[in-house]
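Numbers for residues simply follow the sequence, beginning at 1.
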Amino acid sequence: MKEHLIIFDTTLRDGEQSPGASMTKEEKLRIARQLERMRVDVIEAGFAAASPGDFEAVRAVAEAIKESTVCSLARANEADIERAAEAIRPAKRQRIHTFIATSPIHMEKKLRMTPDEVVAQAVEAVRFARRFTDDVEFSAEDAGRSELDFLCRIFEAVIEAGATTLNVPDTVGYTLPHEYAEKIRRLIERVPNSDKAIWSVHCHNDLGLAVANSLAAVLAGARQVECTINGLGERAGNAALEEIVMAVRTRQDAFPCDTRIDATQIVPTSKLVSTITGFPVQPNKAIVGANAFAHESGIHQDGVLKHRETYEIMRAEDVGWTANKIVLGKHSGRRAFRARLEELGIEIGSEEQLNQAFARFKDLADKKHEIFDEDLFALMAEEPTPSEQERIRLVSTMIHSETGEPPHAKLTLAIDGKEYSTEADGSGPVDAAFKAIEALVHSGAELVLYSVNAITQGTDAQGEVTVRLSKGGRIVNGLGADTDIIVASIKAYINALNKLQHDAVRINPQL
């Protein structure tokens with residue numbers, strides 16, 4: 001039998017560290033449930049000690065998830081570990097993931113500790129974590145640039161202290177695949193008690209080598225890969241879960257192991273994460289990009305038509321793509337709507353949530369004749385903001401734009417339940433709309449990104465807009481979708497403002 005390759009997903013922790021990718025507790029819950037549906041082994045739900053919000057999100061995931069192990073990150077100190085233990089306590093399967101830096105530059109410049117002190121603190125942290133759970137992971141931060149002898153020493157010590165998983169992260173994406181594989185191989189060979197723990201890898205993509213390094217490590221003996229959906233993560237990102245899973249599954253001739261991932265949930269999960277974070281997936285992205293299974297070359301088209309495997313090494317439907325693009329219309333009923341959502345692997349919550357989604361579907365069906373699967377993903381991802389967070393809401397809009405005249409926007413917004421009118425000119429209709437909003441709310445936020453993506457083809461396609469706002473060091477993404485791109489833009493801007501004000505940004509209408 002093939003050995004089990006453990007998939008450790010850190011989208012909710014490392015992925016969220018991408019500037020602008022912060023998620024609310026409700027958004028983290030939706031992603032966590034989808035990861036569980038995809039049969040991810042371990043979900044790193046966050047860094048419980050980082051903030052009260054992180055703690056609550058980890059706790060909520062721990063309460064909701066039943067099949068996957070729920071993990072919280074913790075620095076190698078008692079306060080962090082106690083906080084992590086408290087957050088994951090409701091989980092059926094719990095893991096504490098503690099770490100300390102081990103490279104010479106980190107120990108000297110950041111920690112200002114001697115190697116002996118680092119080993120002692122790591123051992124103490126693992127022993128303390130074992131008081132709360134038998135599943136303790138230890139990471140040697142910046143292991144890619146750490147000395148092999150010192151790694152052997154600290155890993156042997158933490159295994160003796162009770163660590164059950166050992167992570168060897170390439171924290172800054174510095175290592176080359178052959179170097180990384182050799183480091184993993186030599187660690188397994190040289191650490192005397194290496195067989196008493198699972199060896200794990202966590203690779204960053206600074207040189208575009210995260211997936212290559214992870215796969216090389218698996219071939220060298222690692223049996224856990226830490227990765228994220230769409231490769232989301234700090235700086236250039238992490239190893240992409242979908243690429244790891246499908247590389248191992250497609251090349252079973254080369255890999256002595258396989259994952260338990262339900263690959264048909266890969267595309268739905270990718271779309272959910274993309275919509276929630278506002279980070280669009282590039283068309284030529286492996287596995288989940290819009291062009292991943294598209295063929296334009298006549299030679300390629302001819303080959304695929306004669307025999308699919310001439311140019312396709314995977315089946316699109318195996319990772320969640322569907323050939324059934326046009327599925328519903330304005331005359332479709334609730335039963336057909338629910339059935340198609342279930343076929344697409346889209347989670348349906350309560351009947352009330354289904355009714356709300358069906359109402360949004362009907363509104364969309366009145367605007368465009370053909371409803372595509374991509375429209376349904378966007379519609380279901382556009383879950384309404386909880387009323388206690390939605391201080392600002394769009395009531396109506398009127399945009400005027402003609403050649404030779406400055407575009408003009410007139411909006412009516414509801415703020416804390418009371419309606420206000422506002423208007424402004426701009427260099428374009430979207431600019432005018434944003435200025436009209438700011439003339440009313442005076443948020444003081446800086447617009448750092450405005451991105452438009454067509455969800456499907458055709459002139460009646462929905463536009464999906466991402467707006468990224470920054471204020472006081474806090475960066476948030478706002479999302480909006482509509483067949484009217486200006487309305488989608490306004491929705492996205494207001495969505496971002498609601499997230500900012502939820503973090504104590506005061507919004508005072510000035511009339």
Using every non-hydrogen atom in the two residues, find where [X] and [Y] come nearest and quote the distance to one decimal.
| X | Y | answer |
| --- | --- | --- |
| Leu29 | Ala60 | CD2-O, 3.5 Å |
| Val172 | Asp142 | CG2-OD1, 3.8 Å |
| Arg112 | Lys109 | NE-O, 3.9 Å |
| Leu5 | Asp41 | O-OD2, 3.9 Å |
| Val126 | Gly162 | CG1-C, 3.8 Å |
| Ile188 | Ala222 | CD1-N, 4.4 Å |

Within a 6.0 Å radius of atom [atom1] on [X], are there more than 12 heavy atoms belonging to other residues, nucleotides or ligands?
| X | atom1 | result |
| --- | --- | --- |
| Arg260 | CZ | no |
| Glu63 | CD | yes |
| Phe255 | CZ | yes |
| Ile105 | CD1 | no |
| Lys2 | NZ | yes |
| Arg251 | CZ | no |

Does [X] use its side chain to pair, donor to acceptor, with the backbone of [Y] at less than 3.5 Å?
| X | Y | result |
| --- | --- | --- |
| Thr133 | Asp135 | yes |
| Arg93 | Lys66 | yes |
| Gln252 | Cys257 | yes |
| Ser68 | Val40 | yes |
| Asn230 | Leu232 | no |
| Thr175 | Glu179 | no |
| Trp199 | Ser194 | yes |
| Thr164 | Val136 | yes |
| Arg223 | Glu3 | no |
| Ser274 | Ser270 | no |

Contact check, side chains of [X] and [Y], non-hydrogen atoms, under 4.5 Å:
| X | Y | value |
| --- | --- | --- |
| Val158 | Leu166 | yes |
| Val42 | Glu226 | no |
| Ser72 | Phe55 | no |

Exercise for the section: Report the C-alpha distance between Arg127 and Glu160 in whole Å, list the side-chain angles of each, state the deciding distance to 0.1 Å, and finish with yes or no for salt bridge (Lys or Arg N to Asp or Glu O under 4.0 Å). Expected result: CA-CA 9 Å; Arg127 284 177 179 161; Glu160 186 66 29; over 6 Å; no
Are [X] and [Y] within salt-bridge range, i.e. N to O under 4.0 Å?
| X | Y | value |
| --- | --- | --- |
| Glu44 | Arg95 | no |
| Glu156 | Lys196 | no |
| Glu189 | Arg186 | no |
| Lys183 | Glu147 | no |
| Lys499 | Glu27 | yes |

Practice task
Please work out which of the three classes, parallel, tilted or perpendicular, describes the rings of His202 and His204, given edges at 30° and 60°.
Solution key: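 Answer is tilted, since the angle falls between 30° and 60°.
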Kindly compute the distance separating [atom1] ([X]) from [atom2] ([Y]), expressed to the nearest 0.5 Å.
| X | Y | atom1 | atom2 | answer |
| --- | --- | --- | --- | --- |
| Asp80 | Arg75 | CG | CZ | 4.0 Å |
| Thr171 | His106 | OG1 | NE2 | 6.5 Å |
| Thr165 | Glu137 | OG1 | CD | 5.0 Å |
| Leu35 | Ile7 | CG | CD1 | 11.5 Å |
| Lys271 | Ile229 | NZ | CD1 | 13.5 Å |

Could you check whether [Y] and [X], counting side-chain N and O atoms only, form a donor-acceptor pair closer than 3.5 Å?
| X | Y | answer |
| --- | --- | --- |
| Asp262 | Thr264 | yes |
| Thr269 | Gln34 | yes |
| Asn238 | Thr228 | no |
| Arg360 | Gln356 | no |

Exercise for the section: Quick one: do Asp116 and Arg153 satisfy salt bridge (Lys or Arg N to Asp or Glu O under 4.0 Å)? Show the steps, please. Expected result: CA-CA 10 Å; Asp116 288 347; Arg153 177 186 170 193; 2.6 Å; yes
Problem - Full working for side chain to side chain contact (heavy atoms under 4.5 Å, CB included) between Val319 and Val288 - result: CA-CA 8 Å; Val319 296; Val288 294; over 6 Å; no
Handout entry: Residue pair Asn284, Asn291: steps toward the side-chain hydrogen bond (donor to acceptor under 3.5 Å, both in side chains) verdict
Key = CA-CA 5 Å; Asn284 61 325; Asn291 293 344; over 6 Å; no
Handout entry: side-chain hydrogen bond (donor to acceptor under 3.5 Å, both in side chains) assessment of Thr102 paired with Ser146
Key = CA-CA 6 Å; Thr102 55; Ser146 298; 2.7 Å; yes
Practice task
Go through the steps for Ile31 and Met23 under the test side chain to side chain contact (heavy atoms under 4.5 Å, CB included), then give the verdict.
Solution key: CA-CA 10 Å; Ile31 292 174; Met23 311 168 204; 3.6 Å; yes
Handout entry: Arg190/Asp149 under salt bridge (Lys or Arg N to Asp or Glu O under 4.0 Å): CA gap, chis, key distance, verdict
Key = CA-CA 9 Å; Arg190 288 185 52 182; Asp149 288 346; 2.7 Å; yes
Exercise for the section: Establish, for the pair Arg83 and Phe47, whether the NZ or CZ atom is under 6.0 angstrom from the six-membered ring centre and no further than 45 degrees off its axis. Expected result: no
Handout entry: Residue from Asp54, Thr11, Val58 passing side chain to side chain contact (heavy atoms under 4.5 Å, CB included) with Lys28
Key = Asp54
Practice task
Begin from the C-alpha positions of Asp206 and Arg235 and carry the test salt bridge (Lys or Arg N to Asp or Glu O under 4.0 Å) through to its verdict.
Solution key: CA-CA 7 Å; Asp206 298 72; Arg235 303 185 311 278; 2.7 Å; yes
Practice task
Would you please indicate if the ring centroids of Phe138 and His97 are separated by under 6.0 Å?
Solution key: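 No, too far apart.
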Practice task
List the steps and the verdict of side chain to side chain contact (heavy atoms under 4.5 Å, CB included) for Arg30 and Ile276.
Solution key: CA-CA 9 Å; Arg30 292 172 64 198; Ile276 285 177; 4.2 Å; yes
Practice task
Report the C-alpha separation of Ile198 and Ile6 in whole Å, then their side-chain angles, then the decisive distance to 0.1 Å, and conclude whether the side chain to side chain contact (heavy atoms under 4.5 Å, CB included) test is met.
Solution key: CA-CA 9 Å; Ile198 299 293; Ile6 298 166; 4.2 Å; yes
